**Student:** 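Pasting in a structure now, in structure tokens, and then I'll have a few things to ask.
Order of appearance sets the numbers: ligands from 1, and atoms from 1 within every ligand. Below, each value reflects all heavy atoms present in this structure, side chains not excepted, and no hydrogens, waters or symmetry copies. None of these values were measured; they are calculated from a predicted model.
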Amino acid sequence: MNSTTSISKSKRGQNDLLEIENDFAKATISLFGGHILSYIPKTDDIDRLWLSEAAIFDGKTAIRGGIPICWPWFGNAHNQDRDDLPSHGFVRNQIWTLDSSEDSSTGTQLVLSPQSTVGPGWQFKTRLQLKVMVGKTLVVELITRNLDKQTIDLNCALHSYFRVDDIEQVTLTGLSGQYLDKTKDYEAFETPDVYRIKDETDRVHLHPAILVEIDNGLHIGVRSSGHDSIVVWNPWEQNCLRMKDMNQDSYQTMICVESAITQTLKLESNQEVILKQQII
Ligand SMILES: O=P(O)(O)OC[C@H]1O[C@@H](O)[C@H](O)[C@@H](O)[C@@H]1O
């Protein structure tokens, strides 16, 4: 039997939202950014995602929290330090539309696409879709198809912000191998055996872990595929003070574990890549 779903519209500030509720969970998606803001399984009614209390909903500013879509580059454009181009690409600042929604026995699947897939620094012909499955778990797929005649260089990320009770009590498991430390000019380090966050953390883990587990009272599993990196980010107090959409203590209750392509995927003409993250 299909799950009983309701999808309603609401508004926060200037942003139009979709509120999804079915037998398994509730979720909220902002059409600005194609941005998932919350995912609350009905088993415990606890939001797995973290949304900044100071997030800006003016229909122009990228939303701080939830799952921002970084595309078609990650950070500074293609790691070339192009400060003239928007950080993390241009689709998190666009209006997306809901193309379809479908119910099944396992939940509700929604497909969204952005207004435009061309922007500053990126004039290639592509198709971009976001598939979201709201069920016992949340499954997010970012699907890029190269419709251009030439091969394109792609980087992207599902930049998920997770809720934790206390960042200093969090343990991460599943990561291994080397990471590049963005706070130390991309110097490479070995992933520690016991992974705790005690300071500003901005790491690109080059070994694409399939399952990363966040433990801090609540247990969250982050399963990824189609990625070449996992990014772990917490800005800590000093950087929160600098950001207008974070409160001073915001860093204490969040951690970003991002499923990402940061090592530049050569996507050939007519090929498709699916970057996927499942929140368990
Ligand atoms: O402020 P933004 O553009 O949303 O980026 C937030 C963070 O995103 C992380 O993915 C990056 O590794 C950090 O370097 C960056 O600061």
Side-chain angles (χ1 to χ4, degrees), residues 15 30 32-37 49-58 60-94 119-122 140 142 154-162 164 167 172 175 178-189 191 195 197 199-209 212 214 222 224 227-248 250-251 253-264 275 277:
N15 296 22
S30 163
F32 175 74
H35 195 130
I36 302 169
L37 301 178
L49 299 176
W50 179 90
L51 181 63
S52 175
E53 286 172 9
I56 298 164
F57 288 87
D58 63 0
K60 289 189 287 223
T61 309
I63 301 164
R64 181 71 61 197
I67 311 185
I69 308 293
C70 307
W71 187 96
W73 55 78
F74 179 78
N76 288 340
H78 302 139
N79 307 323
Q80 292 170 34
D81 287 330
R82 289 277 308 267
D83 284 334
D84 56 320
L85 297 177
S87 164
H88 291 322
F90 52 84
V91 296
R92 63 178 182 162
N93 301 87
Q94 272 195 30
W122 184 269
V140 187
L142 186 67
L154 181 72
N155 292 285
C156 51
L158 296 166
H159 189 311
S160 309
Y161 289 71
F162 295 100
V164 298
I167 188 66
L172 293 182
L175 292 161
Q178 287 205 317
Y179 68 85
L180 303 180
D181 193 332
K182 288 178 78 172
T183 70
K184 298 196 171 66
D185 208 15
Y186 291 91
E187 205 182 320
F189 293 93
T191 300
Y195 202 128
I197 313 285
D199 208 341
E200 184 191 354
T201 301
D202 196 351
R203 300 173 174 177
V204 181
H205 289 265
L206 300 172
H207 177 78
V212 177
I214 307 167
V222 184
S224 311
H227 60 313
D228 65 17
S229 313
I230 297 284
V231 180
V232 177
W233 181 61
N234 184 297
W236 221 252
E237 191 172 5
Q238 281 312 309
N239 287 316
C240 280
L241 285 170
R242 283 188 211 116
M243 286 187 272
K244 58 178 192 267
D245 51 7
M246 290 286 243
N247 291 333
Q248 181 173 357
S250 288
Y251 76 97
T253 53
M254 54 76 56
I255 185 165
C256 288
V257 175
E258 310 167 31
S259 309
I261 297 175
T262 68
Q263 298 173 57
T264 307
L275 176 66
Q277 187 178 74

**Student:** Counting only heavy atoms not in Asp185 (residues, nucleotides, ligands), do more than 12 fall under 6.0 Å from its CG?
**Tutor:**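 Open.
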**Student:** Got a sec, which residues hit side-chain hydrogen bond (donor to acceptor under 3.5 Å, both in side chains) with Ser160, two or more places apart in sequence or on another chain?
**Tutor:**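 Listed in chain order: Gln277.
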**Student:** Can you list, by chain and residue number, every protein residue with a non-hydrogen atom closer than 4.0 Å to ligand 1?
**Tutor:**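 Contacts of ligand 1 under 4.0 Å: Arg64, Phe74, Ser87, His88, Arg92, His159, Lys182, Asp202, Val231, Trp233, Glu258.
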**Student:** Name all pairs fulfilling the salt bridge (Lys or Arg N to Asp or Glu O under 4.0 Å) condition that reach into residues 230-245, sequence neighbours left out, sorted by first residue then second.
**Tutor:**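 The answer is Arg64-Asp245.
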**Student:** Got a sec, which residues hit side-chain hydrogen bond (donor to acceptor under 3.5 Å, both in side chains) with Gln238, two or more places apart in sequence or on another chain?
**Tutor:**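 Per chain and number, Gln238 pairs via side-chain hydrogen bond (donor to acceptor under 3.5 Å, both in side chains) with no residue.
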**Student:** For the residue pair Glu258 and Cys256, what are the closest heavy atoms and their distance?
**Tutor:**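 That would be OE2-CB, 3.5 Å.
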**Student:** With a cut-off of 6.0 Å (strictly less than), are more than 12 heavy atoms of other residues, nucleotides or ligands near CD of Gln178?
**Tutor:**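 More than 12 heavy atoms, drawn from other residues, nucleotides or ligands, come within 6.0 Å of this atom.
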